S.K.: 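The structure follows.
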Amino acid sequence: AQSVTQPDIHITVSEGASLELRCNYSYGATPYLFWYVQSPGQGLQLLLKYFSGDTLVQGIKGFEAEFKRSQSSFNLRKPSVHWSDAAEYFCAVGVAAGNKLTFGGGTRVLVKP
Amino acid sequence: GAVVSQHPSRVICKSGTSVKIECRSLDFQATTMFWYRQFPKQSLMLMATSNEGSKATYEQGVEKDKFLINHASLTLSTLTVTSAHPEDSSFYICSAPDKGATNIQYFGAGTRLSVL
């Protein structure tokens, strides 16, 4: 069975600083990887996905993520965070496109003025 | 992008009553939908996979008689929490993959259930 680990429960970053959220997965084959963002009391919004091809993927809101098979990682980055980026971020893995997802524990991002 | 509508957004009920939550795909057909549960400050845990025209598939440890799932059409799945108790209080979220196009899962806005 697949699993996802997000090592950082909380991250505090200053507005304008860079952000990197870590995600490690466990799955025997090529995974389908996703990053979602959740604002308090809301559903999930897809930031970006990786199915195949270029290992550096661009998403919405200025986010990007890099798939590294050798490290079983799919870390999310943003060069300069905005106060509106404060939210909960979830990494998820699926065994096929459109299939059920296994989520990591989430990382809560706080943005300091 | 595709839209998944979930209703109601919040419900408060008395212990012992049943609550129905609806999940609709508004601009695509969804033969499969997924129901997740999220406790405060925790991640999403898959409860069940809803299949149009057939029985739902439940994850281990989820009581199928307590969490009734009906997927009667290609755009609607419902989750009924029967005889709800305070421990059922949680945030329930549905999702549906747009298999006809992007194969991306789209999520509803969630339902906050509070059982008194």
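We name chains A, B, ... by the order of the sequence lines, and we start the count at 1 in each one. If you're wondering where the values come from, they're calculated on a predicted model, not measured in any experiment.
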S.K.: Could you check whether the rings of Tyr36(A) and Phe107(B) sit parallel, tilted or perpendicular, using 30° and 60° as the cut-offs?
M.R.: perpendicular

S.K.: Tell me which of these, Gln42(B), Gln38(B), Gln6(B), has more heavy-atom pairs under 4.5 Å with chain A than the rest.
M.R.: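 Highest number of heavy-atom pairs under 4.5 Å: Gln38(B).
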
S.K.: If every non-hydrogen atom of Lys20(B) is compared with every non-hydrogen atom of Pro8(B), which pair is closest and at what distance?
M.R.: O-CD, 3.8 Å

S.K.: Under a 4.5 Å heavy-atom cut-off, does chain B meet the side chain of Leu46(A), its backbone, both or neither?
M.R.: side chain

S.K.: Parallel, tilted or perpendicular: which fits the ring planes of Phe74(A) and Tyr50(A), with parallel below 30° and perpendicular above 60°?
M.R.: tilted

S.K.: Are Phe34(A) and Phe103(A) an aromatic pair by the rule of ring centers under 6.0 Å?
M.R.: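 Aromatic pair excluded; centres sit 6.0 Å or further apart.
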
S.K.: Please state whether the side chain, the backbone, both or neither of Leu101(A) comes within less than 4.5 Å of a heavy atom of chain B.
M.R.: both

S.K.: Please check this pair: side chain of His71(B) against backbone of Ala30(B), looking for a donor-acceptor N/O pair closer than 3.5 Å.
M.R.: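 Looks like yes, one N/O pair under 3.5 Å.
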
S.K.: Name the member of Thr32(B), Ile93(B), Leu44(B) that forms the most heavy-atom pairs with chain A at distances under 4.5 Å.
M.R.: Leu44(B)

S.K.: Is Gln45(A) close to chain B through its backbone or its side chain, or both, or neither, when contacts mean heavy atoms under 4.5 Å?
M.R.: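 Answer is neither: Gln45(A) stays 4.5 Å or more from chain B.
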
